[in-house]
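Each remark here refers to the structure printed beneath this line.
Numbers here simply count residues along the sequence, with the first being 1.
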Amino acid sequence: MGIKWIGNLGLLFFVSASAVGQNPNFNYTEAKVPAYDLPELMTLANGRPVKTKRQWEQQRRPEILELFQEHMYGSIPGDLVTSVRFQVIEQGEAFSGLGHRSQVRVYFGEESNSPFVDVLIYTPSVAGAATPCPLFVGLNFMGNHTTTPEEEVLITESWVRNDSRIGYRDHKASEISRGASAKRWPVEMIMRAGFGVATAYYGDIDPDFDDGFNNGVHQLSAASQTRDDSHWGSIATWAWGLSRIMDYLVTLPHVDEHRIAVLGHSRLGKTSLWAGASDRRFSLVISNDSGCGGAAISRRRFGETVKRINTSFPHWFCKKFRQYNDLEGELPLDQHMLIALMAPRPVYIASASEDLWADPRGEFLAGMHAAGVYRLFGLTGLGTNEQPPVNTPVGDRIGYHLREGKHDVAEYDWQQYIRFAKRHYDAR
């Protein structure tokens, strides 16, 4: 028997679906959350309790990682063979001398026509001095050129989702979109805080539509295109791409390879969590409004559900995950187990008060129920069982805040991430 949670207990707040523009066909009322049992986090598959760090590291953690690979995110096909190589395609002074900019093409093969991802990297001007800088890395939704007003940043030539507001037609990007998402990437603020930041367009790695897995890195794997039940979906592919970007970042002398944090928003928040679980070189992991399939407890069926996400985005997860449509209680895992895979590294979970689709309370609960693993390491997780009020960050090794507002990445979020990273990185 796992952890039992009664849905109508611990009600923090209620905002009507009509008030926040959520899909009215789904549940946004805490009292309607079904009673559920969470899978045991601290019990081995053979029924024995996990009592030591060694048991966690050598037995339980590998078991849980395999569960997520088999039932949710999928595993990398065995025939995927890549030879990663790097090419610096542009570099220069950035933001009037505040920092340095470089654009690097990461190829997934030796051939000239190999798929690649373009990585935009900013480091503060003090980087390269005696102490290498810490750095945030994450994927973006619309192209590197949308994250900054700088004209030197290349416009993506990859497939993009059409959006007339920023001039995206025929799935091609345009100059009109330069800087369109810069508020989500406050580069100057990040560099002034002493951090670098790296980003790449997620569509370079795998275009975000159900194309039969013929594009992006999937063209390097025949097995990926036929897709067995437990072969990776797009989220695992994007996470794999983050690891290949990491392969380059760790070579930079002005970046501290031991202080690289991975972050993401929404579907890319799901991606950052899986990247952090799969690749422990990421020393700190951040999830921003990641919801179902990310930080939120699936069994709550609050906001977006497993069935809805598998129906609307059939390419995101492995095929086997579809077996749990309307059957979340039969999942051998839930998202508190994903958060626990980060231990003993710091992990931060962020929610937004009007983003009921992503189930803020379910995101908080995932962090709360992951705390047992951190205790094995003598560390405090969230340090509370009560979801905090709006704009009141809590937590120690596991951080959490509920920001006022909608599904987005705000300056407030970045302020907390920088503060959280400084606290843990400076303590080393």
Calculate, to the nearest 0.5 Å, the distance between atoms [atom1] and [atom2] belonging to [X] and [Y] respectively.
X: Lys320; Y: His71; atom1: NZ; atom2: NE2; result: 4.5 Å
X: Tyr107; Y: Ser114; atom1: OH; atom2: OG; result: 8.5 Å
X: Arg178; Y: Met142; atom1: CZ; atom2: CE; result: 13.0 Å
X: Glu150; Y: Glu93; atom1: CD; atom2: CD; result: 9.5 Å
X: Lys172; Y: Asp170; atom1: NZ; atom2: CG; result: 6.5 Å

- Query: Is NZ or CZ of Arg105 both nearer than 6.0 Å to the six-membered ring centre of Phe86 and within 45° of the ring axis?
  - Reply: no
- Query: Looking at Trp240, does the NZ or CZ of Arg244 lie under 6.0 angstrom from its six-membered ring centre and within 45 degrees of the ring axis?
  - Reply: yes
- Please indicate whether Arg48 has more than 12 foreign heavy atoms, meaning atoms of other residues, nucleotides or ligands, lying under 6.0 Å from its CZ.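 Atom CZ in Arg48 is not packed in, count stays at 12 or less.
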- Item | CD (Glu57) with more than 12 external heavy atoms under 6.0 Å | yes
Between [X] and [Y], is there a donor-acceptor pair closer than 3.5 Å when you use the side chain of the first and the backbone of the second?
X: Asn214; Y: Asp211; result: yes
X: Arg300; Y: Ile297; result: no
X: Arg299; Y: Leu331; result: yes
X: Arg60; Y: Leu41; result: yes
X: Gln87; Y: Val104; result: no
X: Asp279; Y: Gly276; result: no
X: Ser177; Y: Glu175; result: no

- Task: On the 0 to 90° scale, with breaks at 30° and 60°, tag the His145-Tyr168 ring pair as parallel, tilted or perpendicular.
- Result: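 Tilted, since the angle between the ring planes falls between 30° and 60°.
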- Take the angle between the ring planes of Phe213 and His218 and call it parallel below 30°, perpendicular above 60°, tilted in between.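 Answer is perpendicular, since the angle exceeds 60°.
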I'd like to know whether the aromatic ring centres of [X] and [Y] sit less than 6.0 Å apart in this structure.
X: Trp357; Y: Phe302; value: no
X: Tyr122; Y: Phe95; value: yes
X: Tyr348; Y: Tyr417; value: yes
X: Phe321; Y: Trp316; value: no
X: Phe209; Y: Trp159; value: yes
X: His401; Y: Tyr412; value: yes

- Any side-chain heavy-atom pair from Pro393 and Tyr400 closer than 4.5 angstrom?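 Answer no - side chains too far apart.
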Donor-acceptor side-chain pairing of [X] and [Y] below 3.5 angstrom:
X: Glu70; Y: Ser230; answer: no
X: Glu63; Y: Gln59; answer: no
X: Asn140; Y: Thr147; answer: no

- Message: Regarding Asp355 and Arg403, does a basic nitrogen lie under 4.0 Å from an acidic carboxylate oxygen?
- Response: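 No, no charged N to carboxylate O under 4.0 Å.
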